[in-house]
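Input: a single structure, listed below in structure tokens.
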Amino acid sequence: MTGVPYLILAVLCLSISSTIAAESGWVDAALKFLVEGNKALQVAEVGKLEEAIEAYKQGVETLPAECDKSLDKKQAQIILSLHTQLGQALSYAGDLQSAIDSFRSACICQREWSEGGKNEALNQLASKAYFSLGMAYQESASSATDEVKQREQLELSVRAYGHATKLDPLYWSSYANLGVILADVGQDGNGNKVKSLEMYEEGILAYQKAIDILTGADGSNSIPTDPPENIREVVAELQYRIGLCLVPYLFSPDSDNETDGEDNEKDCTLTIDSKPITRSCLELAAYQFNRAAQYDALHVGAQNALVLVTADASFGMSTDVKKVEALFEDYASNFESSLVDELGYNAFHRMRRGFDRALAQENEATEKKFLKVVDAGCGTGLAGVEFRNISQSLIGIDLSPKIIEHAKTKRPGLYDSFQTGDINPILRDYAEQPISLLVAADTFIYFNDLTDLFASMKDGIEEGGYAVFSLENVSEESEARLNAIVPEWRWQLTPSGRVAHRKEYVEDIAKANSFQTILYDKLDNFRAEKGEGVRGHLFVLRKDSSRKKDEL
């Protein structure tokens with residue numbers, strides 16, 4: 001990851017109307033220099049920056065020696081504007097300490113005047129002065145070589161941004177920059193770890209506040225201060241940064257990008273749609289990276305981070321049988337109409353055609369009857385219909401009792417019997433009276449690691465028996481990213497909660513459990529997801545003898 005720039009580097013160009021009436025002798029002169037400085041600062045020409053600095057300095061020299069509480073609002077505006085604009089110009093020129101001094105002068109006056117009742121009228125100008133002061137301290141910290149000095153500057157920056165948000169609660173960029181100071185993650189352009197206070201929970205809160213202001217989720221129905229032209233891209237960046245805060249250890253310069261270890265067992269709490277959600281930090285990070293990608297499909301950082309945290313993921317619905325059961329219990333009444341009519345699901349037809357081709361390759365008759373056929377994850381019987389005519393006994397297995405009841409009602413007599421529960425122990429129970437053919441249409445997409453599943457298949461399927469199943473594949477874009485970022489990936493957890501498996505991984509784990517892949521076929525567009533075709537795999541396996549060849 002490259003160095004992260006400040007979220008906002010806005011040019012503060014305040015204009016004070018020339019119609020301001022002079023009530024003291026210094027006002028006209030100060031206003032004249034302010035206008036001259038602003039004009040020079042807005043012109044991107046060599047020498048104009050120095051001209052602006054000189055004009056602002058002359059203007060400051062005309063000001064009263066102290067922040068007189070008796071000054072009216074317009075006079076106070078001129079004073080704040082001159083100090084702030086001088087600080088901005090000095091910052092552009094690289095004179096950071098002088099810039100800090102100018103911003104502080106504006107902020108000191110604001111605090112003096114706030115006691116005199118002028119704070120409401122001057123809040124907008126003062127918030128910009130504090131914002132600029134925060135940026136100056138931020139830049140000072142980035143160039144500091146002493147860790148104590150660095151932390152001191154970061155803490156001063158936090159205080160300045162905090163003042164800016166108090167004066168202007170809609171100043172989204174102050175919250176965003178505050179998040180950067182509290183919890184920036186990654187490395188700079190030189191490959192060094194970025195400098196922040198590493199207060200990740202506080203950083204998340206600051207980023208979320210900025211998002212709420214920009215999206216209107218704060219309920220204020222007010223226009224954000226200085227809203228960006230590309231709000232979606234900015235919100236995407238903020239969502240991405242929240243994701244980084246959830247798993248910062250994965251993105252530090254000394255990270256090996258491994259998602260194994262104690263850190264990955266940690267839970268985090270994140271407010272989503274106004275509700276606190278506690279999940280695995282990795283799972284919430286994946287959610288944030290996916291949200292960022294939805295806001296900005298071209299956000300490369302979010303896309304790459306999503307790949308990193310979801311490759312070989314050991315979190316989510318795929319690790320919890322109860323979650324899968326609950327999903328289908330809720331889904332039962334609309335299961336088939338949603339799957340076939342809305343999503344265009346067709347894997348069950350293609351599985352049967354593929355199985356017939358595999359039998360033909362094996363010189364087996366396609367009308368051969370199999371003694372015991374198990375439809376794992378049978379649902380309402382879509383795959384069962386396709387394989388009924390080659391089954392002497394067809395058994396339906398599903399996690400959801402409700403779906404099994406729908407299968408009985410919708411297709412009475414299709415199955416000879418049903419079993420309800422987790423497929424792993426059920427398959428192992430068939431060891432004494434093994435299965436001739438295992439059918440699984442989109443069932444294994446709710447497993448991540450297939451090790452235990454294939455061991456159960458090995459126990460439950462007879463030698464010479466078959467397994468035919470469909471799996472989801474990653475998109476071509478995700479596959480390219482996975483191969484580049486996590487070359488040895490085996491599966492990826494998708495935003496839908498399903499798991500997409502790598503072809504080579506499935507073939508390897510099948511071979512390790514005495515299964516030979518006798519047919520593989522791409523199963524592209526076997527269903528739709530948000531209007532886009534989903535890539536898939538079709539596997540037909542045959543269980544070979546578990547005896548070693550030298551024992552034959």
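The first residue in the sequence is number 1, and the count goes up from there.
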Open item on the list: Nearest 0.5 angstrom please: D508 CG to L450 CG, how far?
Closed with: 11.5 Å

Task: Qualifying residue for side chain to side chain donor-acceptor pair (under 3.5 Å) with E472, from R498, Q492, R527 - done: R498

Open item on the list: Measuring only between side-chain heavy atoms, which start at C-beta, is R411 closer than 4.5 Å to L382?
Closed with: yes

TODO: Anything under 30° is parallel, anything over 60° is perpendicular, the rest tilted; go ahead and classify Y466 against F355.
DONE: perpendicular

TODO: Locate the shortest heavy-atom distance separating L414 from R388; write the atom from each residue and the value.
DONE: O-NH1, 2.7 Å

Open item on the list: Taking the side chain as everything from C-beta on, heavy atoms only, tell me whether L541 gets closer than 4.5 Å to F454.
Closed with: yes

- [ ] May I ask you to say whether R232 pairs ionically with D296, meaning some side-chain N is under 4.0 Å from a carboxylate O?
- [x] no

- [ ] Scan residues 434-449 for pairs that pass salt bridge (charged side-chain N to carboxylate O under 4.0 Å, His left out), counting only residues two or more places apart or in two chains.
- [x] none

Task: K410, NZ: over 12 other non-hydrogen atoms inside 6.0 angstrom - done: no

Task: F515: which of V540, D544, I461 passes side-chain contact (heavy atoms from CB on, under 4.5 Å) - done: I461

Task: Side-chain ion pair, E479 and R535, N-O less than 4.0 Å - done: yes

- [ ] Report the residues that fulfil ring pair (Phe, Tyr, Trp, His ring centres under 6.0 Å) with Y505, sequence neighbours left out, ordered by chain and then residue number.
- [x] W491

Task: Distance (rounded to the nearest 0.5 Å) between L482 CG and T310 OG1 - done: 6.5 Å

- [ ] Measure across I390 and V373 and return the closest heavy-atom pair with its distance rounded to 0.1 Å.
- [x] O-CG2, 4.3 Å

Task: Sidechain N-carboxylate O distance under 4.0 Å for E507, K511 - done: no

Open item on the list: Looking at every non-hydrogen atom in both residues, tell me the closest pair between S400 and I403 and how far apart they are.
Closed with: OG-N, 3.1 Å

Open item on the list: Check this for me, if you would: do E405 and K402 make a salt bridge, where the nitrogen-to-carboxylate-oxygen distance has to be below 4.0 angstrom?
Closed with: no

Open item on the list: Return the OG1 to CG distance between T380 and L339, rounded to the nearest 0.5 Å.
Closed with: 8.0 Å

Task: Approximate separation, where rounding is to 0.5 Å, of E237 CD and N230 CG - done: 10.5 Å

Open item on the list: For a 4.5 angstrom cut-off between non-hydrogen side-chain atoms, does I272 reach L284?
Closed with: yes

- [ ] Identify the two heavy atoms, one from L246 and one from C268, that lie closest to each other, and give their separation to 0.1 Å.
- [x] CD2-CB, 3.8 Å

Open item on the list: Just checking K369: does its NZ atom have more than 12 heavy atoms from other residues, nucleotides or ligands closer to it than 6.0 angstrom?
Closed with: yes

Open item on the list: Once salt bridge (charged side-chain N to carboxylate O under 4.0 Å, His left out) is applied, what residue pairs with a partner in residues 196-211 remain, sequence neighbours excluded?
Closed with: K193-E198

Task: Non-hydrogen side-chain atoms of Q288 and Q239 separated by less than 4.5 Å - done: yes

Open item on the list: Measuring centre to centre across the rings, with the benzene-like ring taken for any Trp, is F335 within less than 6.0 Å of H406?
Closed with: no

Open item on the list: Between D521 and R350, does any side-chain N to carboxylate O distance fall below 4.0 Å?
Closed with: no

TODO: Kindly check if the number of other-residue, nucleotide or ligand heavy atoms within 6.0 Å of CD (E532) is above 12?
DONE: no

TODO: Taking the six-membered ring of Y520 (Phe, Tyr or Trp), confirm whether the NZ or CZ of K503 is under 6.0 Å from its centre and within 45° of its axis.
DONE: yes

TODO: Grab the two heavy atoms, one from S222 and one from L170, that are nearest each other, plus how far apart they are.
DONE: CB-CD1, 3.3 Å

Open item on the list: Is any side-chain heavy atom of W172 closer than 4.5 Å to one of I231?
Closed with: no

Task: Any side-chain heavy-atom pair of L238 and L214 under 4.5 Å - done: yes

Open item on the list: Any carboxylate oxygen within less than 4.0 angstrom of a Lys/Arg side-chain nitrogen, looking at E362 and K368?
Closed with: no

TODO: Look at the rings of F251 and F289 and say which category their plane angle falls in: under 30° parallel, 30 to 60° tilted, over 60° perpendicular.
DONE: perpendicular

TODO: Mind listing the closest non-hydrogen atom pair of Y345 and S470 along with its distance?
DONE: OH-OG, 4.2 Å

Open item on the list: In the structure I gave you, are the side-chain heavy atoms of Y287 and R279 within less than 4.5 Å of one another anywhere?
Closed with: no

Task: Heavy-atom side-chain contact between Y200 and V185 under 4.5 Å - done: yes

- [ ] Report the C-alpha separation of N424 and S456 in whole Å, then their side-chain angles, then the decisive distance to 0.1 Å, and conclude whether the side-chain hydrogen bond (donor to acceptor under 3.5 Å, both in side chains) test is met.
- [x] CA-CA 6 Å; N424 273 323; S456 298; 3.0 Å; yes

Open item on the list: Determine whether T451 and I509 satisfy the following criterion, side chain to side chain contact (heavy atoms under 4.5 Å, CB included), listing intermediate values before the conclusion.
Closed with: CA-CA 7 Å; T451 302; I509 205 163; 3.6 Å; yes

